[in-house]
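For reference, positions follow the sequence shown, starting with 1. Quantities reported herein were computed from a predicted structural model and do not represent experimental measurements. Every number for a ligand or one of its atoms is a count from 1 in the order of the listing.
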Amino acid sequence: MNMDLCELSPSYVRSIAPYQPGKPISELAREMGLDEAGIIKLASNENPRGIGPRTRAAIEAAIGEVARYPDGNGFELKQALAKRYGIDIGAVVLGNGSNDVLELVALAFLGPGRAAVFSQHCFAVYPLATQARGARSIVVAAKEYGHDLEAMAKAIDDETYAVWIANPNNPTGTFVHGEGVEAFLRKVPERVMVVLDEAYNEYLAPELRADSVKWLKRHPNLVITRTFSKAYGLAGLRVGYALAHPSVADVMNRVRQPFNVNSLALVAATAALDDMEFVARSYAENLRGMKQLEEGARKLGLEHIPSFGNFITIRVGKAAEIYKRLLRRSVIVRPVGGGYGLPEHLRVTVGTSQENEKFLSALAASLKE
Ligand SMILES: Cc1ncc(COP(=O)(O)O)c(C=O)c1O
């Protein structure tokens, strides 16, 4: 066969650079002949506390049911979320991770001849989801590594149907205060979906947590996305959600796979949502771990971007090289050159205090090497 089958897909699909996930522990062990038990992974902003006992019990109780399809409407989880936020159940869309609901927005509202606005250094899925739909990307220069919402509002043109905003943002950890987001919403035409990705919301200090859900009433073009992958510790089960105007939720549900959230994820998320103590402890431990990493970086004479999430992005210089040296010391972090445009930085997830310690001493040794 002479034809490259890849050529059959539309050019906008072919030009997608695949998402680069954090390196799995098993892969590093295989590649470098290292002992899995000695490897630490601080590369995917997961919760180092694992899951709470109530969530574990809910998963165990549901294992016997995996031969059956899940509830395709996710009724119980949606009902719990609707109750938590005081909104209509029809305003909730569930996803296989919040990544899935981001894709649903792109599927429902983007396509060739349309455009989406996002920031330099934004979460990698925004350009991917935009490009996969054949839509045009409008990239706005970052301000102090974060979203410049004023410039983003100005960048909206007649073809723009979506704006992607991560608050806090990954990989920079930057945050825009509630008033800034509200002012932005007032400037955006109603035709444009504003996706406010709050994956790290639970890691914000209580005084910074804006009641974004209440903005939905005034701004029917707002789509809030959140996840159970971070503070709730369920990254491996894949479950997230969007809160949106019921007509927006309706169109997102039309393009959703019928059983996009699996049965264990549904019961686990419903149980985890109720376990406020687990989330509160995750928040408190993250705060301690963040201080440990900030101080550690400072002692090594390294700058970092002030972070509002469960990760910190540190300027190490030749980041690609330091990343490899850390791997040899059994520490996996995340390089953020390439698509993220931060070739001198490494993103490090806040781990347990022992993991943070191990990372800091491996970093010190890697810098000296
Ligand atoms: C800003 C942001 N949004 C969304 C996600 C997607 O997470 P998930 O699909 O696990 O909910 C991530 C994951 O790292 C993220 O950093």
Side-chain angles (χ1 to χ4, degrees), residues 19-24 41-48 51 74 77 81 92-107 116 118-130 132 142 145-147 162-176 181 194-204 212 223-243 252 256-257 260-262 264-266 268-269 272-273 279 282 286 305 307-313 332-336 339-340 342 345 347-351:
Y19 180 79
Q20 298 286 345
K23 190 183 266 301
K41 180 182 173 219
L42 301 174
S44 301
N45 303 343
E46 296 144 342
N47 190 331
I51 54 169
L77 177 57
L81 287 164
V92 185
V93 182
L94 299 181
N96 183 39
S98 60
N99 211 130
D100 189 26
V101 291
L102 296 172
E103 297 279 355
L104 295 181
V105 175
L107 265 176
F118 50 83
S119 175
Q120 179 190 16
H121 313 312
C122 71
F123 181 46
V125 165
Y126 309 156
L128 281 178
T130 303
Y145 297 106
H147 291 65
V163 179
W164 306 102
I165 299 169
N167 206 30
N169 183 46
N170 168 23
T172 57
T174 48
F175 173 70
V176 181
V181 180
V194 176
V195 182
L196 185 61
D197 175 348
E198 299 188 324
Y200 300 97
N201 181 264
E202 293 81 1
Y203 290 108
L204 287 173
S212 49
V223 180
I224 298 167
T225 66
R226 294 203 182 162
T227 184
F228 287 95
S229 298
K230 309 296 175 187
Y232 292 94
L234 295 177
L237 279 180
R238 314 299 303 124
V239 51
Y241 56 97
L243 307 175
M252 286 171 69
R256 181 176 66 78
Q257 273 186 50
N260 64 332
V261 185
N262 71 75
L264 297 183
L266 287 172
L273 188 67
V279 177
S282 300
N286 183 62
I305 307 173
S307 172
F308 293 81
N310 66 341
F311 57 90
I312 180 169
T313 299
I332 312 174
V333 296
R334 190 67 155 264
V336 284
Y340 285 116
L342 295 164
H345 290 75
R347 193 196 69 193
V348 187
T349 303
V350 176

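Of all the atoms in ligand 1, the ones that sit under 4.0 Å from a non-hydrogen atom of G97 are 9 (O), 11 (O). Counting the atoms of ligand 1 from 1 in the order shown, those under 4.0 Å from a heavy atom of N170 are 1 (C), 14 (O), 15 (C), 16 (O).
Using a 30° and 60° split on the angle between ring planes, Y145 and H121 fall in the tilted class, from 30° to 60°. Y126 and F123 have perpendicular rings, their planes meeting at more than 60° on a 0 to 90° scale where under 30° would count as parallel.
Closest protein heavy atom to atom 2 (C) of ligand 1: D197 OD2, 3.4 Å. If you check which protein heavy atom lies closest to atom 10 (O) of ligand 1, you get S229 OG, 2.6 Å. With hydrogens left out, the protein atom closest to atom 9 (O) of ligand 1 is R238 NH2, 2.7 Å, a heavy atom. Considering only non-hydrogen protein atoms, atom 12 (C) of ligand 1 sits nearest to F123 CZ, 3.3 Å.
Taking the charged nitrogens against the carboxylate oxygens, K41 and E46 do have a contact shorter than 4.0 Å, which makes a salt bridge.
The N/O atoms of K230, backbone and side chain alike, include one that comes under 3.5 Å of an N/O atom in ligand 1. Annotation: S44 places no N or O atom under 3.5 Å from an N or O atom of ligand 1; distance criterion only. An N or O contact shorter than 3.5 Å links N99 to ligand 1 by distance.
Judged by distance alone, with hydrogens and angles left aside, the side-chain atoms of N262 form a donor-acceptor pair with the main-chain N or O of L237 at under 3.5 Å. N310 contributes no side-chain N or O that, together with a main-chain N or O of Y200, makes up a donor-acceptor pair within less than 3.5 Å. Side chain of N47 to backbone of A231: a donor-acceptor contact under 3.5 angstrom is found.
Under a 4.0 Å heavy-atom criterion, Y200 is in contact with ligand 1.
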Would you sort out whether N99 and R238 count as a side chain to side chain donor-acceptor pair (under 3.5 Å), showing the intermediate values? CA-CA 9 Å; N99 211 130; R238 314 299 303 124; 4.8 Å; no
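By the criterion of a heavy-atom distance under 4.0 Å, both the backbone and the side chain of S98 are placed next to ligand 1.
Side chains of R334 and N45: no donor on one and acceptor on the other come within 3.5 Å.
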